[in-house]
Visitor: 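Structure incoming, see below.
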Amino acid sequence: MEKVDIKSMTLPKLEAFCAQQGWKSFRAGQLFQWLHQKQVDSFDQMTNLPAEMRKTLAETCRIPGVSVRRKLVSQIDGTIKYLYELEDGETVESVLMQYQHGYSLCISTQVGCRMGCRFCASTLLGLERCLTPAEMLDEVYRAGKDSGQKISSVVLMGIGEPLDNFENVMDFLEILSAEGGMHLSLRHVSLSTCGLVDGIYRLMEKKLQLTLSISLHAPNDEIRSQTMPVNQKYPMDELLKACREYFRQTGRRISFEYALIEGVNDTPACAQQLCQKLKGMGAHVNLIPVNPVKERDYRRSSRDRVRRFQQILEQNHVNATVRRELGSDINAACGQLRRDDKGGRAC
Ligand code: SAH
């Protein structure tokens, strides 16, 4: 019989599991603390549980985790890029960055991605599978243990599309923010989506305190459909309607990611059009000079073009910042490390 992944269970699920086994309900809280606060990786370490219970747990359950396969440390600013290996040999990436307010970890939500954004390295090999809550949690726990730093914020902006792994991501967030676990407030969590509109409505129902980021990257359907195939299913007007509704229902401002690609989406006319689209939304735009991916021929916009784009947004009262570049000496674009590693193994 396949062993049960106990680390992916939210507290209510763990309570139901304990009840099924005939264990007292407080045992679920103890187990949860061992798994998510003390973050142990074996049942032997759970010293306040009866020996008989530990034995049954070891026979029927498993505690999945990730291990560090490669680690790149920036000599410039200390940013750490992890290539993690999962138990089935697949790999994903996380990036640990230091900001004024603490350490922020960018995690992956899927092994690969099927969204097909043209400028993104994560999607080149397609989607392998979704990550489990336990695997996403262990990206966070492992980075904390390895670096010895307290992680104060988490962004779901690594490999994968979080809203294409909806249930697992919701359980991950519930466990991450639970009192008996890391207890990380969802105010310190950002979730980034390429624009799966049905997922945005589902997320809205949950009324979470997290920050929703939309990867917009274009001011109109023509450009967006060229660079982001998801736009053919959910055109911009539908996406922005969902965003307005999300803002209205949750009161949480939305952040828009805009990767500037030379000659594609970075002209003053594009900036003007973007302002029209985002008017009255209290939106924040994060401008990112695109990271070149060697399989694609997109080039990043020059500093002057980025600055001009930002000025136009601000003149039109659209709040815009240019993303600070971290770890530029280990600047494998998102998904590139995994892709190179797989390529290396295939040779
Ligand atoms: N699938 C989600 C989250 C993962 S991608 C999403 O699309 O939002 C995280 C962010 O990195 C997205 O904004 C994505 O568009 C951006 N991104 C991907 N490749 C990039 C590149 N080469 N340069 C700059 N940003 C990139």
Side-chain angles (χ1 to χ4, degrees), residues 81 92-95 97 104-128 130-131 136 139 154-166 168-169 172 189-197 199-200 203 210-218 223-231 233-234 236 239 242-243 246 254-262 264-266 283-301 306 309 321-328 330-340:
K81 192 151 192 169
V92 292
E93 296 170 20
S94 291
V95 185
M97 294 157 285
S104 174
L105 186 73
C106 173
I107 65 156
S108 299
T109 53
Q110 294 181 310
V111 181
C113 183
R114 58 176 178 159
M115 296 298 127
C117 301
R118 305 269 187 262
F119 43 80
C120 181
S122 304
T123 204
L124 289 166
L125 298 167
L127 175 69
E128 206 61 56
C130 285
L131 291 183
M136 290 183 267
E139 291 184 70
V154 171
V155 297
L156 280 62
M157 281 196 187
I159 298 170
E161 166 52 48
L163 297 184
D164 191 34
N165 183 16
F166 194 88
N168 285 350
V169 165
F172 160 75
V189 173
S190 294
L191 182 154
S192 180
T193 177
C194 64
L196 296 181
V197 168
I200 295 172
L203 185 66
L210 54 74
T211 300
L212 179 61
S213 272
I214 306 288
S215 298
L216 198 61
H217 305 319
I223 299 176
R224 196 162 194 266
S225 292
Q226 273 169 30
T227 50
M228 302 181 71
V230 67
N231 197 68
K233 183 159 185 206
Y234 299 111
M236 263 179 87
L239 172 60
C243 291
Y246 187 94
I254 295 183
S255 202
F256 290 89
E257 308 291 311
Y258 197 104
L260 289 153
I261 310 172
E262 191 185 79
V264 175
N265 63 0
D266 68 343
H284 176 92
V285 178
N286 209 350
L287 297 171
I288 316 148
V290 78
N291 243 319
V293 173
K294 64 172 180 274
E295 290 79 359
R296 308 279 196 218
D297 55 4
Y298 289 128
R299 281 205 307 268
R300 60 168 48 193
S301 308
V306 174
F309 201 95
T321 47
V322 179
R323 185 184 284 173
R324 186 160 71 100
E325 211 174 328
L326 285 172
S328 55
I330 53 165
N331 209 358
C334 179
Q336 195 78 64
L337 197 56
R338 167 171 183 263
R339 203 216 149 294
D340 286 352

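Atoms within a ligand are numbered from 1 in the order they appear, just like the ligands themselves.
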Visitor: I need the atoms of ligand 1 closer than 4.0 Å to a non-hydrogen atom of Cys120, numbered in the order shown.
Guide: 18 (C), 19 (N)
Visitor: Evaluate Phe119 for polar contact with ligand 1, using N/O atom pairs at a separation under 3.5 Å.
Guide: yes
Visitor: Checking contacts here: is it the side chain or the backbone of Thr193 that comes within 4.0 Å of ligand 1, counting heavy atoms only? Could be both or neither.
Guide: backbone
Visitor: For a quick check under 3.5 Å, do Ser94 and Glu139 share a side-chain donor-acceptor pair by atom type?
Guide: yes
Visitor: Counting distance only, does the side-chain N/O of Ser108 pair as donor-acceptor with the main-chain N or O of Ile159 below 3.5 Å?
Guide: yes
Visitor: Using a 4.5 Å cut-off on heavy atoms from C-beta on, say whether the side chain of Arg323 contacts that of Glu257.
Guide: yes
Visitor: Examine the proximity of ligand 1 to Glu161 and report which part, side chain or backbone, both or neither, has a heavy atom under 4.0 Å away.
Guide: both
Visitor: Quick one: which ligand 1 atoms are inside 4.0 Å of a heavy atom on Cys194?
Guide: 6 (C), 7 (O), 8 (O)
Visitor: Between Lys81 and Glu93, does at least one N-O distance fall below 4.0 Å, as a salt bridge requires?
Guide: yes
Visitor: Taking side chain as C-beta onward, heavy atoms only, is Arg224 less than 4.5 Å from Val230?
Guide: yes
Visitor: If you apply the rule side chain to side chain contact (heavy atoms under 4.5 Å, CB included), what do you find for His217 with Met228, and how did you get there?
Guide: CA-CA 9 Å; His217 305 319; Met228 302 181 71; 3.8 Å; yes
Visitor: Report yes or no: do Glu161 and Thr109 form a side-chain donor-acceptor pair below 3.5 Å?
Guide: no
Visitor: Under 4.0 Å from any heavy atom of His217, which atoms of ligand 1 are there?
Guide: 13 (O), 14 (C), 15 (O)
Visitor: Just to be sure I read this right, does ligand 1 sit under 4.0 Å from the backbone of Met115, its side chain, both, or neither, counting only heavy atoms?
Guide: neither
Visitor: Identify which of Ser192, Ser255, Gly158, Ser122 has a heavy atom lying nearest to atom 4 (C) of ligand 1.
Guide: Gly158
Visitor: Atoms of ligand 1 less than 4.0 Å from Glu257 heavy atoms?
Guide: 13 (O)
Visitor: Counting only nitrogen or oxygen atoms and a 3.5 angstrom limit, does Gly160 reach ligand 1?
Guide: yes
Visitor: Determine, using heavy atoms of Ser213 and all atoms of ligand 1, whether some pair is separated by less than 4.0 Å.
Guide: no
Visitor: Would you mind running through ligand 1 and noting each atom that sits below 4.0 Å from a heavy atom of Val293?
Guide: 22 (N)
Visitor: Can you find a heavy atom in the side chain of Asp266 that is under 4.5 Å from one in the side chain of Tyr258?
Guide: no
